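These notes are about the structure you will find just below.
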Amino acid sequence: MKEITFKINGQDMTVPEGTTILEAAKLNNIDIPTLCYLKGINEIGACRMCLVEIKGARALQAACVYPVANGIEVLTNSPKVRKARKVNLELILSNHNRECTICVRSENCELQALAKEIGVSDIPFEGEKSGTLIDNKSTSIVRDETKCILCKRCVAVCANVQNVAVLGSVGRGFTSQVQPVFGKSLADVGCINCGQCIINCPVGALTEKSDVQRVWDAIEDPTKTVIVQTAPAVRSALGEEFGYPIGTRATGQMAAALRRLGFDKVFDTDFAADVTIMEEGTELLGRLNNGGVLPMITSCSPGWIKYIETYYPEALPHLSSCKSPQNMAGALLKSHYAETNNIDPKDMVVVSVMPCTAKKYEIQRPELNVDGNQDVDISITTRELARMIKEARIMYTQLPDEDFDAYYGESTGAAVIFGATGGVMEAAVRTLADILNNKDIQEIDYVGVRGVEGVKTATVDVTPDLAVKVVIAHGGSNINTVMKQLVAGELADTHFIELMGCPGGCVNGGGQPIVSAKTKMDVDIRAERAKVLYDEDSKHLKYRKSHQNPSVIKLYEEYLGEPNGHKAHHILHTTYSQKPKLY
Ligand code: FES
């Protein structure tokens, strides 16, 4: 590749052709502020925070989109540059709702951080503000125009990463806004509630719909038994909210914190993930043996479910009929647990802590109930749990590691890896291989299905006579690639597909702690958080296969009967239907 030689802040530098000034500066340990820039996703030069001076050029240039050229001399810290950045920031702030003290993004706001770094102490530009709407009609996402800075990161993520494209720019100049199509509410367009817009918003313009007060009210109600369950991926990231490095395992301190918040029982969604494997694996075997619809596609991710219902309804017969682990847990608590503990399910409140905003949508689906009792009553995100812990003034970092409560807190390594892309597939294959070979297979690290590559295909020799062909994809664009192949008949020889709505799977879900765009330039948070789960699987758990979970074995023996049997089907399975795009 052609090399380019130039000067940056007086130092000679040589980089490959096509390198931007921002990238070159980074290679030389020079920090240039950014705001609208999202590496590889939103490189549009909109905010002008990254302006730099090029000697001899008439205008300052946006470093994030300006490729270096032979012989240029770049200044990243000249008085002209500093002044321009400050004025630009003052202009952005002049149109921003600056109620920072009551904003959930305070202290994790890229705009607030920049104002401090650049030394803005006064806003000289005051006057009329554009954008007044607060759209909170969605079950999952609140959009606040008064805080939007028009960086368009959400627009790019929704369109380019998730292939949903329900957000866009409207108007010009002062009337410019980022809005859903035709100015509708997010609730009334084909939004899949994944929350990727939230975790990529630099400010508080997009947030989850908070259910924290409803959880406090339930805990305080003496007539209610309040049970909490936590998804696998929450433990991969909760610690980040309390200053731990990305990639720190939070399992024990999370259980301890939940107990101190006042929940009557602290259970693990991982238990239900093991049940999911029992049900989904049996369903797959049934389809393989009885000529059912193949490939079968996983149904754990509510963002993915809304995606297929909205954009590929013709492929619905491919979906497993299994409820998600969140809802399997809720359904079992409202049936088996309620019966065995003499609790009226109407006096029970099941709270889920999820890495996901689409779970808030999922729990409200009318079909997800057992005998009229909603499976899960309240779903909060990892971030909301962190806020509750802070509000209760629990000293999280000082907490000892504690275990989940018995029975519904028991799980296996197969369950915990559900939180990473490829994890559901690997968990299913571990059980399928044991059942079909009728032995306890020791080689169970199916590394071919791991990793953050967008679309993975593998052939797994489950028995000497059965090679199962699998496909794994995560994030809407990759899912769309697979779905286009599926409807075109190109995956006829594939048996099993795992699809997750968010890039990297649940570890990078829309409800997880928000990491700045700058940090994401250096760290692949998807891989770091996934490592936590694979470590928990291989180093911390006694059993690594779902069918070996002693409590799950007991549940089937004493209550459910056969996997995929009548009772299991009644409690643990569901149906799907086409959803309108509404535009
Ligand atoms: Fe470069 Fe926004 S214009 S970061």
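Being a predicted model, the structure only gives us computed values, none of them experimental. Atoms within a ligand are numbered from 1 in the order they appear, just like the ligands themselves.
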Not counting sequence neighbours, which residues clear ring pair (Phe, Tyr, Trp, His ring centres under 6.0 Å) with Tyr396? List them please.
->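 Result, ring pair (Phe, Tyr, Trp, His ring centres under 6.0 Å) vs Tyr396: Phe242.
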Can you sort out the partners of Val449 under side-chain contact (heavy atoms from CB on, under 4.5 Å), two or more places apart, ordered by chain and number?
->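 Applying side-chain contact (heavy atoms from CB on, under 4.5 Å) to Val449 gives Met425, Glu426, Tyr446, Ala458, Val470, Ile472.
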Among residues two or more places apart or on two chains, list those pairs meeting side-chain hydrogen bond (donor to acceptor under 3.5 Å, both in side chains) that have a residue in residues 69-82.
->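 For residues 69-82, and leaving out neighbouring residues, the side-chain hydrogen bond (donor to acceptor under 3.5 Å, both in side chains) pairs sorted by first residue read Asn9-Thr76, Glu53-Ser78, Lys55-Glu73, Asn77-Arg82.
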Can you list the protein N, O or S atoms less than 2.8 Å from atom 1 (Fe) of ligand 1?
-> Cys50 SG, Cys64 SG
For residues [X] and [Y], is any side-chain donor paired with an opposing acceptor at under 3.5 Å?
| X | Y | result |
| --- | --- | --- |
| Thr269 | Gln229 | yes |
| Glu362 | Gln326 | yes |
| Gln364 | Thr139 | no |

